[in-house]
Amino acid sequence: MLDKMDLHTHTIVSGHAYNTRNEMIQAAEQKGLEVYAITEHAPAMPGSCQNMYFVNYKVLPRKHGEMAVLYGVELNILDFAGHVDLPESVLQNMDLALASIHTPCYVSGNAKENTDAYVGAMKNPYINIIAHPDDGRFPIDYERLVKAAKEYHVVLEVNNASLAPGSFRGNPRDKYQEMLELCKIYQVPVVMDSDAHADHQVGEHALAQEMLDLAGFPEELVVNAHRELLKEYINKGYLL
């Protein structure tokens, strides 16, 4: 399967990552990526960026050689209503936005409440990707999640870091198997992402690819293989 992009990575300004923007971009170029995104953690994550950092993305170039570089955010879902930690006035000027649940920013409820949180976030018109919906500490209703992704035109992520040995998200393989089967039924696209917090992790999707292969997942629904498909889902597709 073609794999041309990585849409979920962090630099040192996220507070718990270890390389600069230029180092991460260089790593992406060395991997031969066509599209690379830096998606810093949003303000509710301890040690991360404040609003002005994201507002000032406008000064950064979106091309490095032949590679498109996108700038966005990994938002924190804060409550069962799906509120996130940046206002739409900031999000509307971003290239793309991911939303996810993290323990420092969210207290788990039951499966209905956690699914409500994801669905509420998907209703935000500037959120493009739900990141790592795979953590057993936050039980969810996967059929409802996938149906909502279809309704609100959102991509679901298969997170390579979650699948790595020793991941603090436990063993999410069974959760991804369920999600991918439902994505096939409802024709919902997915994206493989590294969730890189260091330059050597950029573009590393082997474990995510293994999950897709095991599921017999159709390539036409994998965003990594189709730049034109990505254009339909991010806020500023014209940058591609």
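Computed over heavy atoms, backbone and side chain alike; hydrogens, waters and symmetry mates excluded.
With contacts defined as side-chain heavy-atom distances shorter than 4.5 Å, the pair V119/Y152 qualifies. At least one side-chain heavy atom of F54 sits less than 4.5 Å from a side-chain heavy atom of M94. Here the side chains of Y186 and E143 are in contact, with some heavy-atom distance below 4.5 Å. No side-chain heavy atom of I130 sits less than 4.5 Å from a side-chain heavy atom of L98. Counting only heavy atoms from C-beta outward, the side chains of P189 and V222 never approach each other to under 4.5 Å.
With sequence neighbours left out, the salt bridge (Lys or Arg N to Asp or Glu O under 4.0 Å) criterion links K184 to E181. Residues forming a salt bridge (Lys or Arg N to Asp or Glu O under 4.0 Å) with E34 (at least two apart in sequence, or on another chain): R227. Residues meeting the side chain to side chain contact (heavy atoms under 4.5 Å, CB included) test with S48, sequence neighbours left out: S14, H41, M45. Here Y142 pairs with nothing under the ring pair (Phe, Tyr, Trp, His ring centres under 6.0 Å) rule; sequence neighbours left out.
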For residues 69-78, please give each side-chain donor-acceptor pair under 3.5 Å, one per line with the distance, not counting sequence neighbours.
unit_1: Y71; atom_1: OH; unit_2: R21; atom_2: NH1; d: 3.0
unit_1: E74; atom_1: OE1; unit_2: H8; atom_2: NE2; d: 2.9
unit_1: E74; atom_1: OE1; unit_2: H10; atom_2: NE2; d: 3.0
unit_1: E74; atom_1: OE2; unit_2: S100; atom_2: OG; d: 2.6
unit_1: E74; atom_1: OE2; unit_2: H102; atom_2: NE2; d: 3.2
unit_1: E74; atom_1: OE2; unit_2: H132; atom_2: NE2; d: 3.1
unit_1: N76; atom_1: OD1; unit_2: H102; atom_2: ND1; d: 2.9
unit_1: N76; atom_1: ND2; unit_2: D85; atom_2: OD2; d: 2.7

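Residue pairs meeting the ring-ring contact (aromatic ring centres under 6.0 Å, His included) criterion with at least one member in residues 210-240, sequence neighbours excluded, are H153-Y233.
Salt bridge annotation for D195-R169: present, with a cationic side-chain nitrogen under 4.0 angstrom from a carboxylate oxygen.
If you check the side chains of Y57 and N93, you find no donor sitting under 3.5 Å from an acceptor.
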